[in-house]
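The structure appears right after this line, and notes come after that.
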Protein chains: 6
Amino acid sequence: MRLLAEFFPEFTESLDKMDELYRDKRTIDEKTYQFICFALSIKARSKPCVLKHFQGALEAGATVKELAYILALVMREAAGADDCWTHDVLGDWKEIIAGNIKCDCQK
Amino acid sequence: MRLLAEFFPEFTESLDKMDELYRDKRTIDEKTYQFICFALSIKARSKPCVLKHFQGALEAGATVKELAYILALVMREAAGADDCWTHDVLGDWKEIIAGNIKCDCQK
Amino acid sequence: MRLLAEFFPEFTESLDKMDELYRDKRTIDEKTYQFICFALSIKARSKPCVLKHFQGALEAGATVKELAYILALVMREAAGADDCWTHDVLGDWKEIIAGNIKCDCQK
Amino acid sequence: MRLLAEFFPEFTESLDKMDELYRDKRTIDEKTYQFICFALSIKARSKPCVLKHFQGALEAGATVKELAYILALVMREAAGADDCWTHDVLGDWKEIIAGNIKCDCQK
Amino acid sequence: MRLLAEFFPEFTESLDKMDELYRDKRTIDEKTYQFICFALSIKARSKPCVLKHFQGALEAGATVKELAYILALVMREAAGADDCWTHDVLGDWKEIIAGNIKCDCQK
Amino acid sequence: MRLLAEFFPEFTESLDKMDELYRDKRTIDEKTYQFICFALSIKARSKPCVLKHFQGALEAGATVKELAYILALVMREAAGADDCWTHDVLGDWKEIIAGNIKCDCQK
């Protein structure tokens, strides 16, 4: 038995109810749900979750090819997030170079 | 002009071609694409990306309600990834307690 | 012998002194210290650290039940951080929908 | 009103119930709870959460000094997690140097 | 054959071209390149990447000692990033304590 | 005055000594040091650190072009880490599809 289920069963039940609620209410289909979970599991570096949702997506009718495309999207967005976040931070790079922007960070 | 586009335009072009390729080949529709990007942008803590894909999803016909459901899924999976990853690591917790598992980490 | 200790022993000593200092000065008890380290080790996805502080907490008198509760808290806060961060970013969602907020991110 | 509360109130209620449950059952005191949340909020790079738990800790009777010590612990453990994780991965570095360990990663 | 190469070979080719471009244009030498990749692989918690760039650095003429120093830098900067980010967020801590700063986060 | 320096000056001094030690011993030049710190600051989503090391690199004689190339490398490696990590996890994808690999994760 899993640690949390054994020692804090009320919390596990609470999560189960949340999952039921989500399943009842969700507006996306099972395949899309599994794709999003698969993508998030990669970012979370959780091997058991990646395996679970890889299998879950296949069971929901996805092909391995479709999952390869989701992986490609995760990779592209990883680069994209560093791109946009850094450009947001360095937006005024001409001002930084000109010495007009003070960095608050301790030297 | 953005820093990367100004100083390494070949790299930016390379990313643009990758995006074109992805658009041509992808097997998911625009709304699903925006949902996955929205979810990944939250995990990447990139504000400009979150705004971009929130707007992109709406333009693709999504409702704010649907985006709220994606946020809920991101939150649920954040908890879920910690859950599964930690249970994977602590799978043998009875053995750990019994002192039969050595931790390699330096004391 | 560990890589760092063998090739950069002065750095390892520096860390050891920092740990001594922390032990001498800290205002929290050993069990609380181990709980915080256990929680941080999960977020850092470091298996040896999780095992170390799981054992460390038990040695400090914690029960497995208490550790299960810390895990539950880590999970809840993972969801909570995505919740608060995203709402902070999307605070003006009515303005975003109305098209009054420009996203700086490159299309 | 927050996005999630407006468009998915059942999910927000579900989180509220989970928080009530945690409050009822938890074995740590309020100050320790706030310390752990403060530490996790830093790792999650969530500014509103850091402010919330900084204030929450003070309201629970913590001093700013105690919070400075928690920050120091977060910093020390950030270094520590990279340390342990990397040594775990590079444990056999003498074997790697000797060329006896194959890297599966694509060249 | 790797999943992505088998099911989305155009994407893999696109990445290969990007790598060629980077190799042609880059202004840093191979050893520096490997050091940066080694550092990033630790942060990304990707074991195969760490092994790849540990070996790559050695092949580029780096010593194990130099790699130990890079690891030390990664560790120091992990602590440093938590330091600077948190101080940025808590910059007005005297104002926060005085109750003059409102936290937007839901209670 | 910064929070940590005011309330835990011994810890700040300890970090300062560590920095001195690193400066004395390091085998990389200042520009390479700043490049690695710039790359790590992006991954750590710490704006003040990115600004500090952007400026630090320029002061060490780097050009903005060189920094744009480091950003490109960070982006490429972000995609690369997701690539290698996921392929490591899904290495046996043919076995997974064949149903020969059990996922330990709770259904």
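Model, not experiment: these values are computed from the prediction. Protein chains get the first letters and strands the later ones, always in sequence-line order, with residue 1 at the start of each.
Both the backbone and the side chain of C/V74 come within less than 4.5 Å of a heavy atom of chain D. At a 4.5 Å heavy-atom cutoff, the contact between C/L4 and chain D is made by backbone and side-chain atoms alike. For D/I28, the part sitting under 4.5 Å from any heavy atom of chain C is the side chain, from C-beta outward, and nothing else. At a 4.5 Å heavy-atom cutoff, the contact between D/M1 and chain C is made by backbone atoms alone. If you measure heavy-atom distances from D/L90 to chain C, the contacts under 4.5 Å come from the side chain alone.
In plain terms, the two heavy atoms of C/P48 and D/C84 that are nearest each other are CG-O, 3.7 Å. Of all heavy-atom pairs between C/I36 and D/A39, the closest is CG2-CB, 4.2 Å.
Of the listed residues C/L40, C/V50, C/I70, the one with more heavy-atom pairs under 4.5 angstrom with chain D than any other is C/L40. Between chain D and the options C/G91, C/A72, C/A79, C/A81, heavy-atom pairs under 4.5 Å are most frequent for C/A81.
In this structure, the ring-ring contact (aromatic ring centres under 6.0 Å, His included) partners of D/F11, at least two apart in sequence or on a different chain, are D/F8.
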Interchain donor-acceptor contacts below 3.5 Å (chain C, chain D):
unit_1, atom_1, unit_2, atom_2, d
C/R2, NH2, D/D83, OD1, 3.0
C/R2, NH2, D/H87, ND1, 3.3
C/L3, N, D/H87, NE2, 3.4
C/L4, N, D/H87, NE2, 3.1
C/D19, OD1, D/R76, NE, 2.6
C/D19, OD2, D/R76, NH2, 3.0
C/Y22, OH, D/Y69, O, 2.5
C/Y69, O, D/Y22, OH, 2.5
C/R76, NE, D/D19, OD1, 2.6
C/R76, NH2, D/D19, OD2, 3.0
C/D83, OD1, D/R2, NH2, 3.0
C/H87, ND1, D/R2, NH2, 3.3
C/H87, NE2, D/L3, N, 3.4
C/H87, NE2, D/L4, N, 3.1

